[in-house]
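Position 1 is the first residue of the sequence, and the numbers go up from there.
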Amino acid sequence: MTIKAPLSVITTAVISILSTQTAFAEETTNDDQNSNVIKIIGSKSAAKDIPGSAHVVTEADLQEMKYTDATRALQRVPGVYIQQEDGLGLRPNIGIRGSGTERSGRVTLMEDGVLIAPAPYAASSAYYFPTFDRMTGIEVLKGPAAIKYGPFTTGGAINFISRQIPEDAQGQLNLELGQDGQQRVAGFYGQSMDNFGFLIEANQHQYDGFKQIDRSGGDTGFDKDDYLVKLRFNSDADAAIYQQFDLKIQHSTEDSDQTYLGLTEVDYAANPYRQYGLSELDNFEGEHDQIMATYSIDFSDEFGADLTLYRNETFRNWFKTEGIHIGGSATGSRSSWASVVNSINTGGTNAAYLQSILDGADTNATDQIEIRSNRREYISEGVQLNFEWSFTTGSAEHNLQFGIRSHEDEEDRLQRNSFYIQQGGALALDDIGILGNAGNRLQTAEATSIYVMDTIELGNWILTPGLRHEDIDLSRTRWNRSGPGRTNADFRDSRDNSVSEVLPGFGALYKLSNDTSLLFGVNKGFAPPGNDTGDQPEESWNYEAGIRFGLDNLTGEFIVFINDYDNLLGECSNANSGCDSNNDGDKENGGKAKVQGFEFTLGGDLATNWPMRFSYTYTDSEFESSFDSDVWGPVENGDSIPYIPENIAQLAIGYDQQTWNLFATAVAVSGVCTKAACEQFQQTDSLFMVDLSGEYQLNEQTSIYAVIDNIFEEDAIAAREPYGARSVKARTAKIGIRFNF
């Protein structure tokens with residue numbers, strides 16, 4: 001796949017700009033090299049002046065609890081919802097202000113300001129997620145502040161910040177050991193000179209897992225490797241026209257023994273960390289490569305531009321048990337494990353026999369167990385050009401930002417169902433199946449995005465009128481399931497869809513004093529439609545209003561939000577137990593819906609050396625029509641939207657001296673409905689989890705630390721999907737040592 005226009009147009013424009021006379025140029029010093037390349041907010045202090053909800057999680061914040069799991073780190077941000085699945089954060093399910101959580105497919109995910117989901121437009125489910133071990137910060141934008149970073153503008157955008165090239169020669173080696181075979185080795189070294197800088201980083205992390213597979217005793221954890229190189233070439237810092245070229249190359253692999261198969265109600269109550277022997281062969285294999293090149297030019301302190309080219313290649317093959325065929329795969333009836341678990345929970349047909357299969361009994365002579373090779377390859381590539389111009393008109397100061405992005409992505413599926421029997425408590429291959437019998441298709445997207453936003457400072461006011469335009473072409477082609485051929489003879493069907501949308505937004509902030517300000521915002525929310533002709537995009541109007549304030553050594557924020565959907569979209573997938581391979585990935589329209597609530601944060605120093613942070617989110621959600629749904633189950637007017645908790649609260653408090661510190665973080669989350677009807681076995685439990693972390697600095701270069709996650713061994717049901725009840729991560733302890741040089 002190649003990038004089409006406007007790549008050549010953008011490149012020509014940049015060359016033209018570079019050849020322009022230096023009428024704009026003046027002496028300028030650029031001490032903060034490459035900060036303009038990767039950050040979208042910049043700092044906590046900058047976030048306070050954004051007329052919209054914006055939060056920054058710094059490297060110091062992450063170091064408090066030594067997080068290597070994005071879900072735990074994001075719990076400190078109000079308005080962000082986490083649907084737990086594996087307890088390890090390998091493929092987080094993240095939502096913002098009711099946008100939906102499944103596979104983080106309704107949130108704009110970025111790394112260093114570039115779209116990072118495997119195929120953000122064609123197949124937005126994030127089956128790849130950046131290795132969080134190497135991240136040094138998170139930026140979260142909600143409401144009108146997020147319209148610059150589509151395509152998803154209903155909930156907001158999350159930007160993960162990887163390590164920057166250090167200003168001086170600097171290196172670090174981090175060694176960790178923990179329970180359940182946890183081992184981590186991470187290190188980096190980098191240096192900046194007058195006109196060149198570099199960073200080399202490596203991260204190896206393995207974990208045997210906290211669950212036990214029946215009979216086999218196999219691992220249920222992961223083995224992840226991640227390698228990163230960054231290079232920077234720049235002109236002299238005091239050059240009249242400052243120029244900088246950044247190159248980032250990243251490669252990662254994952255081998256994890258993960259499954260979709262959860263537990264029945266009775267089995268969960270007996271042992272929440274049990275894993276059925278049927279999942280013994282389940283394994284996720286993934287690989288990701290990114291190359292990102294950015295050219296930046298500052299003509300003056302007032303005018304500059306960035307041009308970024310990026311390409312992400314992602315491969316994944318999730319080999320996992322999908323269901324059972326009573327009577328065989330050729331003529332029998334198929335039941336997914338979701339329906340099997342439900343049948344056992346409710347005492348349905350064949351419940352005793354199906355339970356015996358889960359417990360390791362031999363399958364009947366004609367019955368077969370289906371295991372699918374979910375093999376997919378993704379490409380996501382594009383070019384984006386951003387301009388920033390600061391100027392004054394009368395008494396108003398402007399910071400005008402304009403950007404254009406040409407993007408293409410694709411998801412290529414070539415999947416196979418194989419069929420096994422269970423004998424003597426072990427799986428044995430019965431029929432390997434035909435390659436392509438579980439999906440042989442290609443989904444593609446081409447998108448051009450344009451945004452313009454002006455930040456206007458006028459007296460005590462900061463105003464941000466903005467506009468975004470998304471123009472998207474989507475397509476899907478399927479070939480017959482008789483093999484991998486993709487000739488005309490193998491052609492099955494194809495479909496196409498296009499959408500063009502203008503998305504306005506406006507934010508306003510009024511400073512009552514240096515410490516207190518009022519804010520208001522409104523924007524049009526959007527999510528791309530499905531690829532079937534006539535599929536409509538998700539549309540909503542989103543509102544927020546609130547106050548930011550300071551009290552002595554504490555700062556806080558209270559924001560009320562309303563997301564009013566004209567047509568809420570959900571995505572069919574095996575992960576939400578409602579769809580098979582025929583319509584997997586299709587979008588479903590949920591009609592009118594409303595999500596409303598408020599967010600509250602308070603943080604600072606309670607006393608000398610006593611930092612504290614508290615955040616709370618209240619959310620009320622409901623459908624405003626009745627219909628039958630594969631995604632949400634049967635829906636009645638007034639039902640809650642699944643997996644949106646009513647209450648989320650986090651309290652973090654610590655004692656931090658110069659040579660040692662101790663932090664505790666407590667998180668409380670209301671139980672949620674996993675389907676709109678919220679019937680028996682369609683609800684999760686409320687959660688209360690406490691983590692502890694402590695560090696002691698031996699000398700200027702060396703420190704040791706220890707972390708205990710889930711110290712009270714909370715084991716409540718955190719999710720019931722994909723296929724049964726699932727627990728949060730068990731209590732786990734680790735120790736580490738860090739060398740700085």
Side-chain angles (χ1 to χ4, degrees), residues 32 35 39-62 64 74-80 97 137-146 156 159 390 392 395-399 453-466 505-523 543-562 597-618 648-656 663 665:
D32 191 19
S35 66
K39 295 183 178 180
I40 61 178
I41 301 176
S43 66
K44 287 186 175 181
S45 59
K48 294 177 182 178
D49 288 336
I50 292 179
S53 183
H55 297 269
V56 176
V57 182
T58 66
E59 185 174 10
D61 295 332
L62 297 176
E64 287 180 5
L74 283 166
Q75 284 176 329
R76 65 185 291 141
V77 180
V80 175
R97 290 183 175 174
I138 312 173
E139 300 173 311
V140 180
L141 285 168
K142 294 168 282 184
N159 183 44
S390 297
T392 301
S395 58
E397 297 181 5
H398 298 259
N399 180 256
M453 177 177 284
D454 190 10
T455 301
I456 306 169
E457 295 190 37
L458 182 62
N460 291 336
W461 288 95
I462 300 178
L463 309 174
T464 54
F506 177 79
L509 181 142
Y510 182 76
K511 294 183 178 181
L512 296 173
S513 67
N514 290 334
D515 298 322
T516 306
S517 57
L518 304 175
L519 63 89
F520 167 79
V522 58
N523 74 288
Y543 310 89
E544 65 177 8
I547 183 171
R548 293 191 180 117
F549 57 88
L551 298 170
D552 296 328
N553 294 323
L554 299 175
T555 60
E557 181 177 272
F558 179 85
I559 295 180
V560 176
F561 64 88
I562 299 174
F598 64 85
E599 304 163 356
F600 174 73
T601 58
L602 184 67
D605 293 325
L606 291 175
T608 303
N609 302 330
W610 284 92
M612 182 277 296
R613 183 190 67 258
F614 175 75
S615 65
Y616 173 74
T617 305
Y618 170 79
I648 307 174
Q650 186 193 66
L651 174 64
I653 190 168
Y655 184 74
D656 190 2
F663 291 94
T665 298

**Expected output: side-chain Glu544 to main-chain Ser53 donor-acceptor under 3.5 Å** = yes
**Prompt:** Would you say Lys142's side chain and Pro78's backbone share a donor-acceptor pair under 3.5 angstrom?
**Reply:** yes
If I compare all heavy atoms of [X] with all of [Y], which pair ends up nearest, and what's the gap?
X      : Y      : result
Met612 : Leu602 : SD-O, 3.9 Å
Ile559 : Arg97  : CG2-NH2, 3.8 Å
Thr617 : Gly79  : OG1-N, 2.8 Å
Ser395 : Leu458 : OG-CD1, 3.3 Å
Ala396 : Ile456 : CB-CG2, 4.0 Å
Pro144 : Met453 : O-CE, 3.8 Å

**Asked** When the ring centroid of Phe600 is compared with that of Tyr616, is the distance short of 6.0 Å?
**Response** no
**Item:** Between Phe598 and Phe561, ring centroids under 6.0 Å
**Value:** no
**Prompt:** Val560 and Tyr543: side-chain contact (heavy atoms from CB on, under 4.5 Å), yes or no, with the steps?
**Reply:** CA-CA 8 Å; Val560 176; Tyr543 310 89; over 6 Å; no
**Request:** Give the C-alpha distance, both sets of side-chain angles, the deciding distance and a yes or no for side-chain contact (heavy atoms from CB on, under 4.5 Å) between Thr665 and Leu651.
**Result:** CA-CA 6 Å; Thr665 298; Leu651 174 64; over 6 Å; no
Please round to the nearest 0.5 Å and tell me the distance separating atom [atom1] of [X] and atom [atom2] of [Y].
X      : Y      : atom1 : atom2 : value
Leu141 : Ile50  : CG    : CD1   : 5.5 Å
Leu551 : Thr516 : CG    : OG1   : 7.5 Å
Ile462 : Leu519 : CD1   : CG    : 10.5 Å
Leu512 : Ile547 : CG    : CD1   : 6.5 Å
Asp49  : Leu509 : CG    : CG    : 6.5 Å
Glu397 : Thr455 : CD    : OG1   : 11.5 Å

**Prompt:** Is there a side-chain contact between Asn159 and Ile138, using heavy atoms and a 4.5 Å cut-off?
**Reply:** no
**Prompt:** Heavy-atom distance under 4.5 Å between the side chains of Lys511 and Arg548, does that happen here?
**Reply:** no
**Message:** Between Arg613 and Asp61 (salt bridge meaning N to carboxylate O under 4.0 Å), is one present in this structure?
**Reply:** no
**Request:** Any chance you could lay out the side-chain contact (heavy atoms from CB on, under 4.5 Å) test for Asp552 and Asp605, step after step, and finish with the verdict?
**Result:** CA-CA 9 Å; Asp552 296 328; Asp605 293 325; over 6 Å; no
**Prompt:** Run the side-chain contact (heavy atoms from CB on, under 4.5 Å) check on Val80 and Val140 step by step: do they pass?
**Reply:** CA-CA 9 Å; Val80 175; Val140 180; 4.3 Å; yes
